[in-house]
Every structure is written in C-alpha cells, then in structure tokens.
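Please read the structure below before turning to the comments.
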Amino acid sequence: MLELNFLRVNTERVKEGLRVRNFSDEALSIVDDIINLDDRRKATQTELDSLLAERNTLSREIGQLFKSGQKDEAEQKRSRVNDIKEEAASLEEALKAIKTELDEALYQVPNIPHPSVPKGSTENDNEVYKAWAEALPEMGSDALPHWELAQKYNLFDLELGTKITGSGFPLYRGKGARLQRALISFFLDEANRAGYEEILPPLIVNEDSARATGQLPDKEGQMYHIEKDGFYLIPTGEVPITNIFRDEILSEDDFPVKLTGYTPCFRREAGSYGAHVRGLNRVHQFDKVEIVRYEHPDRSYEALEEMLAHVGGLLDKLELPYRILRLCGGDLGFTAALTFDFEVYSAAQQRWLEVSSVSNFETYQSNRMKLRFKDGKSTRLAHTLNGSALALARIFAALLENNQTENGIIIPKALQSYTGFDLID
RNA sequence: GGAGGAGUGGCAGAGCGGUUGAAUGCACCGGUCUUGAAAACCGGCAUGGGUCACACCAUCGGGGGUUCGAAUCCCUCCUCCUCCGCCA
C-alpha cells in the first residue's frame with residue numbers, strides 16, 4: 001500500500017496518479033478521507049498515550065507508597081487509575097475502529113503509476129513499447145490451433161484433466177510432458193546464468209503472505225482458499241518468493257537481491273469461458289518461472305530494463321515473434337507502478353498471447369511487507385520487482401502453433417538439448 | 001495423532017509482579033593508542049507511533065485476561081525441540 005506520509009506530503013501527485021487510473025473526482029475523495037482519518041488517528045493516539053503515561057506514573061507511585069506503608073494515599077491513586085483505565089478502554093476501542101477504517105481505505109488505493117504510464121482505459125490503449133520488427137509469420141489456412149495439434153500428437157489431454165479434477169486442469173503426456181519439463185529447466189538455467197538464485201518455495205501460503213504481496217484483499221476471488229487451515233494456493237510464484245524478506249531489514253550492500261523460482265500457479269479465473277480461452281489460453285493450473293528482485297530505490301528502473309532484456313532474450317532463443325507493451329493506467333495492475341507485458345504472436349490463432357508481465361512495484365509491496373534497508377542512519381523501504389520468465393502454458397501453445405509443419409512440430413535449437421528430441425511427430 | 005519441554009534485541013543468554021526497552025558476552029559502527037593491523041580502553045548500537053527536537057506511548061512468538069502495575073501470573077493459538085505412533 002502507499003505510504004501514509006507520502007500520501008500526506010504529495011497529495012496532488014497521488015491524485016494525479018489516480019486520475020491516470022481513471023479515478024473519478026468523486027472517487028478521488030478517498031485521498032482526503034484518508035488524511036482526515038489519519039488526523040483522527042493521531043489525535044486519538046495522542047490522547048490515549050497521555051492517559052497511559054499518567055497511569056504508568058501513578059502505578060509507579062503506588063508501588064512506592066505501598067512500600068513505605070502509606071496505604072491510604074495508595075488507595076486514592078488506585079481509584080484514579082481505575083478511572084483512567086475506563087477512559088483508556090473506550091479510547092482504545094475508538095482507535096482500533098479508526099485504524100481499521102484507515103487500513104480499509106488505504107487498501108483501496110492502488111499504486112501511483114510511473115510518469116511514463118499512458119492514460120487509457122482498456123488493453124487497446126496500451127502503448128507498443130517495442131514492436132516486432134520483422135514480418136509476422138503466416139500460416140496456411142490448414143494451420144491447426146494448439147488444442148488440435150495436441151490431439152494429433154497426443155501432447156496434452158484436457159478431457160482427462162477434467163475427469164481427474166475439473167475444467168482448466170490440463171494433463172500433459174508423452175512429448176508434451178517432456179516439452180513442458182524442458183521449458184522449465186531451460187528458463188531456470190537461463191535465470192541462473194543471469195545471476196538469479198534458484199528458489200523452490202511452498203506452493204501454499206498463509207494469509208499474511210497473500211496480504212503482503214497484494215493478492216489480499218484485492219484479488220481474493222482469484223485464489224483457491226483452503227478454509228480449514230486458512231491457507232491459499234499460490235496464484236504466482238511471486239507470492240512465496242517475495243515474502244522471503246517480509247519484515248526484514250537489509251543492509252545497502254545486500255542489493256541487488258535476485259531470485260528465481262519455478263512454481264505451478266493456481267487461478268480460479270471465475271467465469272471465464274469461451275472461444276478466447278480454449279485450449280491452454282487460460283487454465284486454472286499452469287507452470288511458470290518467475291524472477292523477483294529487491295532493489296535500492298535509485299536503481300529499480302535500471303533493474304526493470306535488465307529484466308525486460310532477460311525475458312526478451314528468452315523469446316529470442318525460442319525464436320518466437322513477440323512485442324512489448326507498456327500498460328496504460330486502466331490495464332495496470334493494482335500494485336504496480338509500471339508494467340511491461342510481453343505478447344507472443346500465435347500464427348495459427350492469429351492473435352497475440354500474453355506470456356509475461358514485468359513490473360516495478362516501487363515501495364507498494366515493501367510497505368505492506370515491511371521490507372526495508374539501512375540507508376546510512378535511516379531505514380527506508382526497498383523497491384520490489386518481478387516478472388514472468390516465462391509463463392509456460394501459452395509459450396507451449398505458441399511453440400506448437402508457430403512451428404507446425406507437414407512433418408511435425410519443430411523444436412527450437414535452444415531447447416533440443418533439454419527435450420532430447422528435435423521434432424514432435 | 002499422543003506425552004513432555006521451550007519461545008527474550010543480529011546471535012548467545014540473564015531476568016520469572018514495581019526506574020527492565022530489558023543485565024552480560026559476542027558481532028557490528030565510531031574514537032583513543034599504533035608506522036599499519038591486532039590487543040586494550042572509551043562511546044554508540046531494536047522497531048514502530050509521536051515531536052522542530054525532546055518528552056511521552058507501544059512492542060520480550062500472536063491474540064485475550066488477571067492486577068494500581070506483567071517479559072514475569074492465567075487462558076488460547078502458532079512455532080520449535082525431545083520421546084512414542086504413523087509415513088513418502
């Protein structure tokens with residue numbers, strides 16, 4: 001969430017940022033509401049503190065009086081303390097209510113977009129940051145979409161997944177399963193080469209973790225919830241990996257912290273069925289390699305550039321045509337300040353498929369997480385960033401579709417040592 | 001799953017109802033000394049709220065309670081350790 005102090009000092013900047021996210025004038029009043037709530041919080045806190053201070057003083061005196069046998073005076077002060085306790089109790093209750101209200105309001109305020117984020121309301125307003133320079137591949141009219149290719153070559157089976165679990169849980173098999181495993185290894189190796197430490201995290205997280213990275217309360221319906229234990233299945237590796245440093249104070253020379261991890265991701269995707277979500281285009285469970293960074297605020301945008309280069313490099317090696325979009329205010333995720341999406345062109349479906357999202361969250365996550373670092377004498381919030389490198393299901397789909405030939409599906413060179421075969425036929 | 005024990009500052013480890021936000025040691029940072037380093041000595045060293053700065057308030061695994069007053073007593077949850085059971 002936004003830092004209260006930042007919001008107080010830069011009220012206009014915050015409002016401008018929210019306008020880029022299409023907040024109406026009416027909706028913008030939440031900023032002033034928050035400041036008012038915080039004023040009330042401070043006033044109540046101060047009042048309570050002085051009561052408690054008085055109680056502490058009196059209690060100390062009572063102790064002395066009892067020791068020296070002045071019972072009457074002690075009793076007198078004791079009754080005064082009892083009065084204070086009643087007053088304090090009601091103030092505490094009021095304070096708690098204000099804090100809850102304040103937190104709820106704060107949770108409703110998304111991150112302030114980076115100045116480069118274009119205004120806009122839908123994905124159509126996203127800016128093409130880097131277009132695909134060459135001609136897009138064209139396929140004959142007999143080109144098959146990946147779900148038909150999968151059937152033809154026995155690569156994955158959605159009906160079986162439905163039988164075992166339900167719709168949207170693909171079951172990969174044969175060369176399909178091996179291709180999936182090859183992609184995971186390839187992405188992890190590439191991330192390792194780029195200096196990211198490999199993490200294999202828990203796939204189920206507690207409420208604190210889900211809150212810290214912003215999945216709660218904003219996206220509660222997106223996650224599978226294990227009610228009995230109060231846990232959530234992770235919707236992305238970002239959640240467990242970013243939470244490694246929750247409530248930690250780093251020293252300045254710990255930067256940059258670069259982590260990577262492969263995890264399955266579980267998403268409920270309530271209500272999304274239809275033509276555009278056929279096959280692997282949108283599923284409840286998919287595999288992903290994530291890269292996560294904690295950075296000094298002065299260097300986080302350099303880090304973002306590096307991450308873009310890394311993800312672009314992966315797609316180059318996979319020989320897939322792609323473009324990079326800078327998300328507009330309307331499409332920007334709740335917690336991000338700046339996000340670049342990577343889209344791969346699927347020739348058979350003749351559409352762009354989102355395969356990666358690379359974001360700088362600045363201090364929005366670290367404020368929730370209390371992830372800080374020592375900057376000389378003071379303690380400051382670190383910047384967090386993450387990106388998919390990459391999301392498997394759609395990469396898998398694009399590979400099948402773009403590389404189909406009469407003789408079978410060609411595996412790109414970079415992957416062949418991982419798959420152990422160069423053709424699916 | 002059953003029985004017992006324990007959770008204190010970066011770490012180790014005292015405190016077990018009243019100037020204890022917390023002894024002591026180590027680590028760390030500054031200084032004196034030294035050609036330099038080590039040693040020795042002196043000083044500093046939790047987080048958050050609050051303040052111009054102090055004062056002050058909160059925090060000794062989390063939550064609740066008893067008390068004029070709790071790190072210290074009670075309840076509850078969590079985590080870790082030991083033993084038994086089960087098990088990839």
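Remember, it's a predicted structure, so these values are computed and weren't measured experimentally. Below, read A as the first sequence line, B as the second, and so on, with proteins coming before strands; counting in each chain starts at 1.
Using Watson-Crick or G-U wobble geometry with both donor-acceptor distances under 3.5 Å, B:G1 finds its partner in B:C84. Across all strands shown, B:A14 forms no Watson-Crick or G-U wobble pair with both key distances under 3.5 Å. Checking B:A23 for Watson-Crick or G-U wobble geometry (two distances, each under 3.5 Å) identifies no partner in any strand. As the counterpart of B:U34, no nucleotide is assigned, since no Watson-Crick or G-U wobble pattern has both distances under 3.5 Å. Pairing of B:C45, defined by two Watson-Crick or G-U wobble distances under 3.5 Å, is not identified with any nucleotide. Nucleotide B:A6 forms a Watson-Crick or G-U wobble pair with B:U79, both donor-acceptor distances falling under 3.5 Å. Pairing partner, B:A55: none, since no Watson-Crick or wobble contact has both distances short of 3.5 Å. With a cut-off of 3.5 Å on both Watson-Crick or G-U wobble distances, the partner of B:A71 is given as none.
Counting non-hydrogen atoms under 4.0 angstrom, A:Ile249 reaches the backbone sugars and phosphates but no base. Here A:Lys370 lies out of heavy-atom contact (under 4.0 Å) with every strand. Across all strands, A:Leu52 comes closer than 4.0 Å only to sugar-phosphate atoms, never to a base (heavy-atom distances). The residue A:Arg80 sits apart from the nucleic acid: no heavy atom pair falls under 4.0 Å.
Taking atom C1' in both B:U47 and B:G10, one finds a spacing of 13 Å when rounded to whole Å. Comparing B:C78 with B:U67, their P atoms sit 28 Å apart, to the nearest whole Å. Across B:G15 and B:A6, the matching P atoms stand 13 Å from one another, rounded to whole Å. Nucleotides B:G1 and B:G17 are separated by 35 Å at their P atoms, to the nearest Å. Distance noted for atom P between B:U8 and B:U72: 13 Å (whole Å). Between B:G21 and B:A70, the distance separating the two P atoms is 11 Å to the nearest Å. On the P atoms, B:U59 is 15 Å away from B:U19, given to the nearest whole Å. Atom name C1', nucleotides B:G65 and B:A14: the rounded distance is 28 Å, in whole Å.
Remark: A:Arg299 does not engage A:Glu302 in a salt bridge, criterion side-chain N to carboxylate O under 4.0 Å. Using a 4.0 Å cut-off between a side-chain N of Lys or Arg and a carboxylate O of Asp or Glu, A:Asp38 and A:Arg41 qualify as a salt bridge. Taking 4.0 Å as the cut-off between side-chain N and carboxylate O, A:Glu190 and A:Arg193 count as a salt-bridged pair. The pair A:Lys119-A:Asp125 fails the salt-bridge criterion, with no side-chain N (NZ, NE, NH1 or NH2) lying under 4.0 Å from an Asp/Glu carboxylate O.
Between A:Lys42 and B:G50 there is a side-chain polar atom (N or O) within less than 4.0 angstrom of OP1 or OP2. Side-chain nitrogen and oxygen atoms of A:Lys374 include at least one within less than 4.0 Å of the OP1 or OP2 phosphate oxygen of B:U47. Between A:Arg78 and B:G69 there is no side-chain N or O to OP1 or OP2 distance below 4.0 Å. Phosphate contact (OP1/OP2 of B:G50, side-chain N/O of A:Arg41, threshold under 4.0 Å): present. For B:A58, the OP1/OP2 oxygens have a side-chain nitrogen or oxygen of A:Asn56 closer than 4.0 Å. Look at A:Lys85 and you'll find a side-chain N or O under 4.0 angstrom from OP1 or OP2 of B:G69. Taking only side-chain nitrogens and oxygens, A:Arg55 never comes nearer than 4.0 Å to OP1 or OP2 of B:G18.
Nearest nucleotide to the A:Arg372 side chain, out of B:G18, B:G48, B:G64: B:G48.
One can place CG of A:Leu91 at 16 Å from P of B:C57, the figure rounded to the nearest angstrom. Straight-line distance from the CG atom of A:Leu58 to the C1' atom of B:C68: 8 Å, rounded to whole Å. Between A:Lys77 atom NZ and B:C68 atom C1' the separation is 11 Å, expressed in whole Å. Between A:Glu47 atom CD and B:U51 atom C1' there is a gap of 18 Å when expressed in whole angstrom units. For A:Met369 and B:U47, the CE to P distance is 19 Å, given to the nearest whole Å. Between the P atom of B:U59 and the CG atom of A:Leu48 lies a distance of 11 Å, rounded to the nearest Å. Between A:Asp375 atom CG and B:U47 atom C1' there is a gap of 17 Å when expressed in whole angstrom units. Taking atom CG on A:Leu51 and atom P on B:A58, their separation rounds to 12 Å, with Å as the unit.
Ring-centre distance between A:Phe286 and A:Phe266: not below the 6.0 Å cut-off.
At least one donor-acceptor pair under 3.5 Å links the side chain of A:Ser378 to the backbone N or O of A:Asp375.
The closest side-chain donor-acceptor pair between A:Glu26 and A:Ser24, if any, does not fall under 3.5 angstrom. At a cut-off of 3.5 Å, with distance as the only test, no side-chain donor of A:Tyr294 or A:Gln365 sits close to an acceptor on the other residue.
When the nearest nucleotides of RNA chain B are assigned to A:Ser79 and A:Gln64 by heavy-atom distance, the more 5′-ward of the two goes with A:Gln64.
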